Amino acid sequence: MARSFAHRLAGLPAPATIEMARRARMLRAEGRLVISLALGEPDFPTPAAVIDAANKAALAGQTKYPPVDGTPALKEAVARKFLRDNGLSYAADEIMVSNGGKQVIFNAFMATLNEGDEVVVPTPYWVSYPLIARMFGGVPVYAPCREEDGFRLNAQVLAQAITPRTRWVVLNFPNNPTGAVCSKADIEAVAEVLRQHPDVWILSDEIYEHLVFDGAQAFSISAVAPDLKERTITLNGVSKAYAMTGWRVGFAGGPKDLIAAMRGVQGNATSGVCSIAQAAAAAALDGPTDLVRDMAQTYSRRRKMVVEALRAIPGLTCAMPEGAFYAYPGIAGCLGQTTAGGTRIETDHDFAVAFLEEEGVATVPGSAFGLSPYLRLSCATSDTVLQQACASLARFVQNLR
């Protein structure tokens, strides 16, 4: 019997971050020693008080089906978070909780995109924005951000990317993969462009807002330009700042009609998020901020160490990230050369695969994020591992011929 699958899956790859992590696991299974810098996952444990809150919730019987859009306790904690951290006021029917931040994007795009609608995504981008848009017939349109500009979004570049078919503009600052942080002036200029396009939705992914360094500050477009709040989804979650990736809790604030449509999507897909995880997330959002601050300081120190090591390698460039926990070195100086193992390096994908095979270090090629030739390295691991990875990279580049 011939099997056929939905056309929407044709040519839809697995996210490259997940694919490179899978390759690393396969090599480990073969007995190889492998360092993986492919996934953006904090190496810190979830705070003990958060785990304790989850345990108490389970023992108290909070183990039944939760509301599709989130428990009242978590939605109240989310509302307090938005007001405290972003100066944004959201009512209960303007908030929803999802299975990670990715489901917020999935819900929003499924609720609004028709075939051929365009989604403007600044590059480099997190891998899932264009992939999810394509799942629903959307057409990704890219607004390039340049290394010489610190990978910040230029308002004129954004204006050139918007067309009459544009349905969404995605903002992700602090940025994954570059760590770029847009200033208030940058966001104000972007807001002025968006005012000229009143039918365009805005997705502001602020998952890394607490991981900013060197005096940088993350700005929410809904706070900088309150007139745009009624067509903006402000996305966040507990995965990055609170080291809770496996708990799978994301959330969003937005206009109640769009939130209602997204709730309808989620109700027919996954329903509500694990009730125990929601109790843990509420405890995290309402808990002390010193642990988040301490983790951010550690990430800041690590990225300086990594960037300094990368800049010392001939053929590599690397902007100093102002946020998140990644480094995004350029490898243009390494193209056209051959590795010690005999692989010709024509692309950053070639580089990443050969680096993993020959040195046992997993990274993600910049092509996965829409800008080549670069690599993304996660700094969310120990100093020792990062030092070993940088030494391996230096050796790999030195042996190119």
Side-chain angles (χ1 to χ4, degrees), residues 17-18 20-48 51 174 176-179 208 210-214 239-246 290-331 334 339-341 351-366 374-400:
T17 49
I18 295 173
M20 291 301 291
R22 184 191 67 82
R23 284 176 178 256
R25 285 194 296 269
M26 289 177 61
L27 290 177
R28 286 196 187 109
E30 296 172 1
R32 293 274 304 275
L33 293 176
V34 175
I35 293 172
S36 181
L37 305 181
L39 292 179
E41 183 165 51
D43 61 318
F44 294 99
T46 298
I51 296 174
N176 172 8
T178 66
Y208 292 98
H210 292 303
L211 304 182
V212 289
F213 319 122
D214 300 336
S239 293
K240 310 300 183 180
Y242 299 95
M244 294 177 66
T245 52
D290 56 331
L291 290 176
V292 176
R293 184 180 63 250
D294 292 345
M295 284 189 280
Q297 290 174 348
T298 299
Y299 294 136
S300 177
R301 178 178 54 75
R302 288 173 177 171
R303 51 112 206 189
K304 286 183 178 178
M305 177 184 70
V306 169
V307 170
E308 288 173 0
L310 295 174
R311 287 176 171 175
I313 301 174
L316 269 59
T317 62
C318 194
M320 182 65 76
E322 291 185 302
F325 43 55
Y326 306 103
Y328 199 65
I331 62 161
C334 301
T339 72
F351 189 109
V353 172
F355 186 36
L356 174 58
E357 293 288 343
E358 297 182 26
E359 288 287 344
V361 180
T363 60
V364 186
Y374 290 86
L375 298 177
R376 191 194 75 171
L377 289 68
S378 171
C379 299
T381 189
S382 71
D383 288 25
T384 300
V385 169
L386 291 171
Q387 289 164 355
Q388 291 172 346
C390 290
S392 294
L393 182 56
R395 181 170 56 247
F396 181 78
V397 173
Q398 184 179 9
N399 289 334
L400 292 176

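Worth saying up front: this structure is predicted, and the values here are computed from it rather than measured.
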S.K.: Are more than 12 heavy atoms from other residues, nucleotides or ligands located less than 6.0 Å from atom CE of M26?
M.R.: no

S.K.: Do you know which two heavy atoms are closest between A243 and P45, and how far apart they sit?
M.R.: CB-O, 3.8 Å

S.K.: Measure from the side-chain N and O atoms of K304 to the backbone N and O of M320, and report whether any donor-acceptor pair falls under 3.5 Å.
M.R.: no

S.K.: Is the backbone of E357 close enough, under 3.5 Å, to the side chain of R32 for a donor and an acceptor to pair up by distance?
M.R.: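 At least one qualifying donor-acceptor pair exists.
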
S.K.: Nearest heavy-atom pair of A327 and L310: which atoms, and what distance?
M.R.: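 Smallest interatomic distance, heavy atoms only, reads CB-CD1, 3.9 Å.
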
S.K.: Name all pairs fulfilling the ring pair (Phe, Tyr, Trp, His ring centres under 6.0 Å) condition that reach into residues 24-45, sequence neighbours left out, sorted by first residue then second.
M.R.: F44-Y299

S.K.: Within a reach of under 6.0 Å around CD of Q297, are more than 12 heavy atoms found that belong to other residues, nucleotides or ligands?
M.R.: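 Yes, the 6.0 Å shell around CD holds more than 12 heavy atoms from other groups.
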
S.K.: Return the set of residues passing side-chain hydrogen bond (donor to acceptor under 3.5 Å, both in side chains) with T298 (not counting sequence neighbours), or none when no residue passes.
M.R.: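 Listed in chain order: nothing, the list is empty.
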
S.K.: State the CD1-CG distance between I331 and L316, to the nearest 0.5 angstrom.
M.R.: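 If I round to the nearest 0.5 Å, the distance is 7.5 Å.
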
S.K.: Look at the rings of Y328 and Y374 and say which category their plane angle falls in: under 30° parallel, 30 to 60° tilted, over 60° perpendicular.
M.R.: parallel

S.K.: With rounding to the nearest 0.5 angstrom, report the CG to OG distance, N176 to S378.
M.R.: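 It is 9.0 Å, given to the nearest 0.5 Å.
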
S.K.: Can you tell me how far CD1 of I313 sits from CZ of R311, rounded to the nearest 0.5 angstrom?
M.R.: 12.5 Å

S.K.: Identify the heavy atoms of C379 and R303 that sit nearest to each other, and give their distance.
M.R.: SG-CA, 4.1 Å

S.K.: Tell me which pairs pass salt bridge (Lys or Arg N to Asp or Glu O under 4.0 Å) where either residue lies in residues 374-389, with sequence neighbours left out.
M.R.: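 Output for this query lists R301-D383, R302-D383.
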
